Amino acid sequence: MSDISPYSGSTIQEGLSPNHLKKAKLMFFYTRYPSSNMLKIFFSDVKFNRCITSQLIKWFSNFREFYYIQMEKFARQAINEGVTSSEELAVGRDAELFRALNMHYNKANDFEVPERFLEVAQVTLREFFNAIVAGKDADPSWKKAIYKVICKLDSEVPEVFKSPNCLQELLHD
DNA sequence: GCCATACCTG
DNA sequence: CAGGTATGGC
């Protein structure tokens, strides 16, 4: 059965749908630390309650976990491969790191990832690289310092994301 | 106690 | 990603 309603432009979702998840992942390319208020604005077609809010916050928390795990993985890999300076690390669209991230948040690869995300990813990778080289990882909470840096690099999420039907506009064939 | 967030697991 | 646990603030 299709869930298309005759009032498709004003349907209020009782819960989060697969499309909401897809949209959240694309939003991650702009913001790693969205506030609950921001989420309410960008998911205006969702009827919020404590659980929905928690679930959305949880999604981004999971997104960040994957993101940082990849960063640490590639940073250590670079070190093992003999890289001596973070300056040598660049994250372009052809980088393995980017391909791993893109595969996770933009699996169909039908969304044009903003350049700014590549920059933030590069900063994050270098941050991990330098911390590990400096032996900071001996401290159980060494990643906290990095998180504090990265959380300041969130970008404005494009206005189009505020539309409940933005996926059709954002994804090209 | 309740709720939020951090860390870990499957 | 969802669940469960531990923890800290109110």
Side-chain angles (χ1 to χ4, degrees), chain A residues 3 11-77 79 91 95-114 117-118 120-121 123-158 161-168 170-171:
Chain A
D3 61 349
T11 300
I12 299 301
Q13 300 293 311
E14 283 295 336
L16 294 168
S17 68
N19 275 339
H20 286 131
L21 172 58
K22 189 165 187 175
K23 173 175 174 176
K25 289 185 174 181
L26 296 185
M27 283 179 64
F28 186 76
F29 283 123
Y30 299 90
T31 175
R32 269 60 62 187
Y33 295 86
S35 66
S36 58
N37 286 320
M38 202 182 302
L39 295 175
K40 288 173 183 173
I41 292 174
F42 286 92
F43 291 89
S44 61
D45 58 332
V46 177
K47 186 184 301 178
F48 277 75
N49 57 46
R50 208 174 290 101
C51 293
I52 296 298
T53 302
S54 294
Q55 188 179 0
L56 259 175
I57 292 294
K58 179 66 175 177
W59 280 0
F60 279 85
S61 175
N62 283 326
F63 296 164
R64 287 193 297 275
E65 284 190 1
F66 179 81
Y67 177 83
Y68 287 125
I69 286 174
Q70 296 306 306
M71 292 298 166
E72 181 175 1
K73 173 184 169 185
F74 280 85
R76 291 186 185 287
Q77 184 176 303
I79 293 173
V91 179
E96 284 183 59
L97 171 57
F98 176 70
R99 297 201 296 109
L101 296 172
N102 191 55
M103 178 66 86
H104 193 72
Y105 311 113
N106 178 33
K107 189 139 179 21
N109 192 39
D110 49 8
F111 175 73
E112 187 180 314
V113 179
F117 178 76
L118 281 296
V120 175
V123 170
T124 311
L125 178 62
R126 291 182 171 181
E127 205 70 34
F128 267 87
F129 178 93
N130 290 325
I132 297 172
V133 169
K136 302 280 186 56
D137 58 336
D139 179 337
S141 59
W142 65 290
K143 296 178 184 176
K144 295 291 181 60
I146 296 177
Y147 299 161
K148 190 171 182 178
V149 171
I150 306 307
C151 73
K152 298 180 185 303
L153 304 182
D154 273 12
S155 308
E156 287 261 314
V157 178
F161 277 85
K162 292 181 180 177
S163 166
N165 307 306
C166 68
L167 285 183
Q168 283 60 56
L170 294 169
L171 309 180

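If you're wondering where the values come from, they're calculated on a predicted model, not measured in any experiment. All chains are named by letter (A, B, ...) in the order of the sequence lines, taking the proteins before the strands, and each is independently numbered beginning at 1.
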Next on the checklist: Is it the case that over 12 heavy atoms from other parts of the model lie below 6.0 angstrom from the CD atom of Q77(A)?
Outcome noted: yes
Checklist entry - Donor-acceptor pair, S61(A) side chain versus I57(A) backbone, under 3.5 Å? => result no
Checklist entry - Using a cut-off of 4.0 Å on non-hydrogen atoms, how would the nucleic acid contact of F66(A) be classed: base, sugar-phosphate, or nothing? => result nothing
Checklist entry - Counting N and O atoms only, with roles assigned by atom type, does the side chain of K23(A) sit under 3.5 Å from a partner on the main chain of F42(A), one being a donor and the other an acceptor? => result yes
Checklist entry - Hey, does K143(A) reach any base, or is it just sugar-phosphate, or nothing, if we go heavy atoms under 4.0 Å? => result nothing
What are the atom names and distances for every N/O pair under 3.5 Å that joins the protein to nucleotides 8-10 of chain C?
none

Checklist entry - Y147(A) and Y68(A): aromatic ring centres closer than 6.0 Å? => result yes
Checklist entry - Would you call the rings of F29(A) and F117(A) parallel, tilted or perpendicular, where under 30° means parallel and over 60° means perpendicular? => result perpendicular
Item to check | chain A contact limits on DNA chain B, taken 5' to 3' with a cut-off of 4.0 angstrom to heavy atoms | outcome: dC3(B) to dC8(B)
Next on the checklist: For I52(A) versus G15(A), what's the shortest heavy-atom pair and its separation?
Outcome noted: CD1-CA, 3.9 Å
Checklist entry - If we only count heavy atoms from C-beta on, is the K143(A) to E72(A) side-chain gap below 4.5 Å? => result yes
What N/O pairs connect the protein and nucleotides 2-6 of chain C at under 3.5 Å? Give each pair on its own line.
| from | atom 1 | to | atom 2 | distance (Å) |
| --- | --- | --- | --- | --- |
| dA2(C) | OP1 | Q55(A) | NE2 | 3.1 |
| dA2(C) | OP1 | W59(A) | NE1 | 3.3 |
| dA2(C) | OP2 | W59(A) | NE1 | 2.9 |
| dA2(C) | N7 | N62(A) | ND2 | 3.1 |
| dA2(C) | N6 | N62(A) | OD1 | 3.2 |
| dG3(C) | O6 | K58(A) | NZ | 2.5 |

Checklist entry - Do the side chain of D154(A) and the main chain of Y33(A) share a donor and acceptor less than 3.5 angstrom apart? => result yes
Item to check | H20(A) side chain near F43(A) side chain, heavy-atom distance below 4.5 Å | outcome: yes
Checklist entry - S141(A) and D139(A): side-chain donor and acceptor closer than 3.5 Å? => result yes
